[in-house]
J.: 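Can you read through this structure? Questions will come right after.
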Protein chains: 2
Amino acid sequence: MRSYNEYCAIAQALDVVGERWSLLIVRELLIQGPSRYTDLRQGLPGIATNLLADRLRELEAAGLVKREEAPPPVATTLFDLTERGRQLEPVLQALGRWGGPLVRRPIGDNEFRSHWLAVPLEAHLKDHRPDAPAQTIEVRTGDQPMLVEVKHGSVDVRPGKADHPDLVLTGTASQVLGLLLNELEFNDAKQRGLKVEGDTRVLTRVQP
Amino acid sequence: MRSYNEYCAIAQALDVVGERWSLLIVRELLIQGPSRYTDLRQGLPGIATNLLADRLRELEAAGLVKREEAPPPVATTLFDLTERGRQLEPVLQALGRWGGPLVRRPIGDNEFRSHWLAVPLEAHLKDHRPDAPAQTIEVRTGDQPMLVEVKHGSVDVRPGKADHPDLVLTGTASQVLGLLLNELEFNDAKQRGLKVEGDTRVLTRVQP
DNA sequence: CGGCATCCTCTTTGATACTG
DNA sequence: CAGTATCAAAGAGGATGCCG
């Protein structure tokens, strides 16, 4: 992209990450950690393969991304954020908070990937009972199950299944999000088709 | 811009403000307040006039910008942020903080406008003596003098001149910034050509 | 398969000129 | 002052091919 050529931190930041797809690539790496090229494509529906290759090179040249050759038997290239790249987290959080209201209104045919749930959940959920024992919620929606772990005052969201989750939520992304973010009443959510199994007290522990 | 079409707050935020120039237009309106078309062009060196018109229409349609017809005798159109637009401030602050280190390294022929000083100064300066009487610093660099007002624990930066500033700084943008952000020693700054007149104790009151 | 590179078409941008 | 009109150049998107 053409540089704005301004002596201004905002403009120079945008010179680096203002191009189409760049910040979404950073989002993927922040949520997913070290990722293969193909996994990145999975999380960026619609990206042209040449653009993904271009952007990864640019981000690498800018020092935000590094590529590592995974040792055998995996023997594949892994892309990961550098420390400088990881420092973009506050930018993505601010964007996510600002964009929240846009997502909550009716949605049509948007693409969805389960791991994107980490954005609103880590932004808005809190552990209100940090001294209580750890609890987990399994969320079944989208392309893979997600695990919400509430422990020691922090809320962690990552792909995976729990052995014995305290609560299991099964439904559409907006149902699950509505309930967890306390924007949809419990009974409304169930009426709209959300399946809730387990100990619902963990909900009030994390809801905003 | 083409929508990313993702059920993700970050992607939907970028659908609205991810286009080239959009966030810089928001920056201008945040710093300058209600502005005329021509003033916006002044603060966005290099923007094509058709693009500025396009972006303003898009931002207006998205509900971030409103246009007001100023009453006579001014009788001109003023563009201003809506409340929703003003809520982008944390996004720009995060971008500005991330981009700070990029600006501090040697710079060549970048364009500069004095009012952009508000970005780093309001991000990093603090009033460490909120109970002391108000003080002002006049900064003379770039296209217009800027006023830094320290009062009641807050630091305000805006265009203008003070009647009796406590301190006047005259020099290049990087000299002034280096001194105010405490990244350049006082004596180094003077040796490189920065002119410092007045009561330098206000410096330690605001420096990070 | 994973990780691209090439080719082609379409859209967006930038530069400049012009207008109510 | 606040734009619109025009046109060349750059970038994005989609399909496909290549190579370990």
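Here is the naming used below: chain letters follow the sequence lines, and residue numbers restart at 1 for every chain. FYI, side chains are in, hydrogens and waters are out, and symmetry mates aren't considered; it's all heavy atoms of this structure.
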J.: Using a 4.5 Å cut-off on heavy atoms from C-beta on, say whether the side chain of B/P145 contacts that of B/V139.
T.: no

J.: With a 3.5 Å distance limit and no angle check, can you tell me whether B/R113 reaches the backbone of B/Q42 through a side-chain donor-acceptor pair?
T.: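 Present.
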
J.: Could you point out which residue of B/E28, B/R27, B/R158 forms a side chain to side chain donor-acceptor pair (under 3.5 Å) with B/H115?
T.: B/E28

J.: At what angle, to 10 degrees, do the two end axes of the helix from C/dC1-D/dG20 to C/dG20-D/dC1 meet, given five pairs define each axis?
T.: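 Both end axes considered, the difference amounts to 30°.
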
J.: Over 60° means perpendicular and under 30° means parallel, so tell me whether B/Y4 and A/W21 are parallel, tilted or perpendicular.
T.: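 Rings of B/Y4 and A/W21: perpendicular, as their planes differ by over 60°.
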
J.: Starting from P on D/dG14, measure out to CG on B/N5 and report it in whole angstrom.
T.: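 Value for this atom pair: 11 Å.
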
J.: Please check if the number of heavy atoms outside A/K66 that lie under 6.0 Å from its NZ is greater than 12.
T.: yes

J.: If you count the non-hydrogen atoms of other residues, nucleotides and ligands that lie under 6.0 Å from CD in B/Q144, is the total more than 12?
T.: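 Check passes, neighbour count above 12.
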
J.: Which parts of residues 37-58 of chain A get close to DNA chain C, meaning a heavy atom less than 4.0 angstrom away?
T.: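 Under 4.0 Å from DNA chain C: A/Y37, A/T38, A/T49, A/N50, A/A53, A/R57.
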
J.: Would you kindly give the CD-to-C1' distance between A/E19 and C/dT11, to the nearest whole Å?
T.: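 So the CD-C1' distance, A/E19 to C/dT11, works out to 15 Å.
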
J.: Nearest 0.5 Å please: distance from the CG atom of B/L78 over to the CZ atom of B/R36.
T.: 8.0 Å

J.: Quick test of your reading of the model: are A/R55 and A/E58 salt-bridged, counting only N-O distances below 4.0 Å?
T.: yes

J.: For B/Y37 and B/F79, take the angle between the two ring planes, folded into 0 to 90°, and tell me which bin it lands in: parallel under 30, tilted 30 to 60, perpendicular over 60.
T.: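 If you compare the ring of B/Y37 with that of B/F79, the planes turn out tilted.
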
J.: Checking contacts here: which listed nucleotide (C/dG14, D/dG14, D/dA2) is nearest the side-chain heavy atoms of B/R2?
T.: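 Of C/dG14, D/dG14, D/dA2, D/dG14 is nearest to the side chain of B/R2.
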
J.: Report the distance from atom CG of A/L121 to atom CE of A/M146, rounding to the nearest 0.5 Å.
T.: 8.0 Å

J.: Whole Å only: how far is the CD atom of A/E69 from the C1' atom of D/dG20?
T.: 12 Å

J.: Rounded to the nearest 0.5 Å, what separation is found between the OG1 atom of A/T136 and the CG atom of A/L147?
T.: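 Result: 5.5 Å between the selected atoms.
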
J.: May I have the distance from B/E60 (atom CD) to D/dA2 (atom P), rounded to whole angstrom?
T.: 14 Å

J.: Which residues within residues 20-31 of chain B lie with some heavy atom under 4.0 Å of an atom in DNA chain C?
T.: B/R20, B/W21

J.: By nearest atom, which of the nucleotides D/dG13, C/dC4, C/dA15 is closest to the A/F79 side chain?
T.: C/dC4

J.: Would you please confirm or rule out a distance under 4.0 Å between OP1 or OP2 of C/dC4 and any side-chain N or O of A/R67?
T.: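 Yes, such a contact exists.
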
